[in-house]
Amino acid sequence: MKKLLVAFAALTALSAQADTLKVAATPVPHAEILEFIKPQLAKEGVDLQVKVFTDYVQPNVQVAEGRLDANFFQHQPYLDEFNKARKTKVKLESVTGVHVEPFGAYSSKVKSLAELPEGAQVVIPNDATNGGRALLLLDKAGVIKLKDNTSITATPKDIVENPKGIKIRELEAATLPRVLNQVDLALINTNYALEAKLNPTKDALVIEGSDSPYVNILVAREDNKNSADMQKLAAALHSPEVKKFIEEKYKGAVVPAF
């Protein structure tokens with residue numbers, strides 16, 4: 001009888017483990033959205049455990065290494081660049097697209113891009129895709145001109161016209177809100193802008209439209225992306241309740257992509 005109870009306990013523990021999903025996310029809005037759907041997933045037998053990260057590297061590394069099941073923080077161009085650059089043994093893949101965070105330019109010193117001084121100090125993210133995204137936004141706004149204004153991996157070396165002679169520095173995306181008062185302009189990812197209590201729809205001097213191609217995606221490994229629990233998570237992220245939550249909480253700073 002004792003052996004039977006031990007075996008049953010082990011089986012129960014294994015079952016509980018199989019129904020646990022560990023998902024990495026940046027704090028805002030990704031972790032907030034995941035926390036919102038936890039009760040619904042619990043009713044469906046999925047214990048969603050949200051692991052909060054403040055960088056863009058470890059969430060992918062830990063999913064690739066199998067320490068976490070999935071992550072929710074990035075767009076497809078960033079994932080493509082990660083897979084290409086890291087050459088991980090296990091390929092990470094998109095499960096589904098969830099929302100768009102229109103990328104914006106912020107300043108504590110000027111009220112419009114026209115007011116940028118000669119030689120203005122401008123900071124952008126230092127990862128390939130978000131840095132390119134920042135430069136494309138500056139190109140579209142007429143601050144600079146790029147050799148190819150369709151390249152998402154553009155770098156400052158691709159600038160062919162710079163009328164005001166702005167000085168561009170590349171910094172880790174998470175640090176950009178913290179240096180906002182030290183520079184003339186900062187190009188900031190919306191998740192970090194929201195964390196810093198910036199309102200993208202009101203505070204950004206220029207911002208991407210809701211037609212931005214940079215949809216934030218749920219990402220998993222190719223060996224688990226089609227699992228039953230992962231598909232339950234994907235379905236929950238596409239629910240009418242989540243759409244309403246995003247629209248009401250973020251008021252245009254985050255836009256549902258479904």
Side-chain angles (χ1 to χ4, degrees), residues 17-38 41 46-101 103 125-134 136 151-155 170 172-174 189-192 195 212-239 242 246 254-258:
Q17 185 178 9
D19 286 334
T20 297
L21 273 183
K22 297 179 181 179
V23 182
T26 44
V28 182
H30 308 86
E32 292 178 343
I33 295 171
L34 291 173
E35 290 291 344
F36 175 75
I37 62 174
K38 280 181 73 170
L41 286 171
V46 178
D47 176 18
L48 178 62
Q49 297 183 5
V50 183
K51 308 295 181 181
V52 177
F53 289 80
T54 57
D55 74 285
Y56 285 170
V57 177
Q58 282 303 309
N60 274 340
V61 170
Q62 295 200 25
V63 173
E65 293 176 349
R67 287 185 278 169
L68 297 173
D69 300 303
N71 64 52
F72 179 34
F73 76 97
Q74 66 195 311
H75 48 64
Q76 189 67 51
Y78 184 90
L79 176 61
D80 291 342
E81 187 67 22
F82 177 88
N83 281 330
K84 179 181 176 182
R86 293 279 174 156
K87 298 178 181 178
T88 53
K89 293 181 179 179
V90 178
K91 185 180 178 184
L92 301 184
E93 297 183 353
S94 171
V95 179
T96 190
V98 181
H99 68 266
V100 173
E101 299 173 16
F103 196 85
N126 66 356
D127 62 272
T129 52
N130 283 307
R133 186 180 183 185
L136 289 175
S151 174
I152 61 172
T153 56
T155 73
E170 299 169 280
E172 185 180 348
N189 292 78
T190 291
N191 59 310
Y192 292 131
E195 284 180 51
S212 167
Y214 298 93
V215 176
N216 279 219
I217 53 181
L218 174 66
V219 171
R221 296 182 302 278
E222 54 187 341
D223 69 339
N224 73 342
K225 65 175 288 188
N226 293 316
S227 70
D229 289 341
M230 195 69 68
Q231 291 305 307
K232 287 179 182 178
L233 172 56
L237 285 170
H238 277 205
S239 68
V242 165
I246 291 173
V254 180
V255 182
F258 58 93

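Only this structure's heavy atoms are used, side chains among them; waters, hydrogens and symmetry mates stay out.
- In this structure a side-chain-to-backbone donor-acceptor pair under 3.5 Å is missing from N189 to Y192.
- Among residue pairs with one or both ends in residues 49-66, those qualifying as salt bridge (charged side-chain N to carboxylate O under 4.0 Å, His left out) are E65-R67; sequence neighbours excluded.
- With hydrogens and angles disregarded, no donor-acceptor distance shorter than 3.5 Å links the side chain of Q62 to the backbone of L68.
- The pair K84-E81 does not count as a salt bridge, with every side-chain nitrogen at least 4.0 angstrom from each carboxylate oxygen.
- We find the NZ-CG distance between K91 and L79 to be 8.5 Å, quoted to the nearest 0.5 Å.
- For the pair E172 and V57, the minimum side-chain heavy-atom distance is 4.5 Å or more.
- Counting heavy atoms from C-beta on, the side chains of L48 and V50 come closer than 4.5 Å.
- Annotation: the span from M230 atom CE to L21 atom CG amounts to 5.0 Å, rounded to 0.5 Å.
- Judged purely by atom type and a 3.5 angstrom limit, Q231 uses its side chain to pair as donor or acceptor with the backbone of K225.
- Taking CG of N226 as the start and CD of E93 as the end, the distance is 8.5 Å to the nearest 0.5 Å.
- Heavy atoms only, all atoms of each residue included: N191 and P29 are closest at CB-CD, 3.9 Å.
- Across every non-hydrogen atom of A236 and L41, the tightest pair is CB-CD2, 4.1 Å.
- A donor-acceptor pair is defined here as one N or O able to donate and one able to accept, closer than 3.5 Å; such a pair exists between the side chain of N224 and the backbone of D69.
- No side-chain heavy atom of D19 sits under 4.5 Å from any side-chain heavy atom of D47.
- Proximity of a side-chain donor or acceptor of Y56 to a complementary backbone N or O of Y78 within less than 3.5 Å is not detected.
- The side-chain heavy atoms of N216 and V98, taken from C-beta on, include no pair separated by under 4.5 Å.
- Judged by distance alone, with hydrogens and angles left aside, the side-chain atoms of N71 form a donor-acceptor pair with the main-chain N or O of P59 at under 3.5 Å.
- Among all heavy-atom pairs drawn from A234 and T96, the shortest one is CB-CG2, 3.9 Å.
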**OP:** Decide side-chain contact (heavy atoms from CB on, under 4.5 Å) for L34 and L237; before the verdict, give the C-alpha distance in whole Å, the side-chain angles of both, and the deciding distance to 0.1 Å.
**Re:** CA-CA 8 Å; L34 291 173; L237 285 170; 4.2 Å; yes

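- Of all heavy-atom pairs spanning V52 and A31, the tightest one is CG2-CB, 4.0 Å.
- Rounding to the nearest 0.5 Å gives a distance of 5.5 Å between CD1 of I217 and CD of Q74.
- Shortest non-hydrogen contact noted between G97 and V215 is CA-CG1, 3.8 Å.
- Classified by interplanar angle (parallel below 30°, tilted 30° to 60°, perpendicular above 60°), the ring pair F258/H238 is parallel.
- Aromatic pair H30/F73: centroids not less than 6.0 angstrom apart.
- In terms of heavy-atom proximity, Q76 sits nearest to S94 at OE1-CB, 3.4 Å.
- In this structure, H99 and V255 have side chains that are not in contact, with every pair of non-hydrogen atoms separated by 4.5 Å or more.
- Of the inter-residue distances, the one linking D80 atom CG with I152 atom CD1 reads 7.0 Å to the nearest 0.5 angstrom.
- If you take NZ on K38 and CD1 on I33, they are separated by 15.0 Å, rounding to the nearest 0.5 Å.
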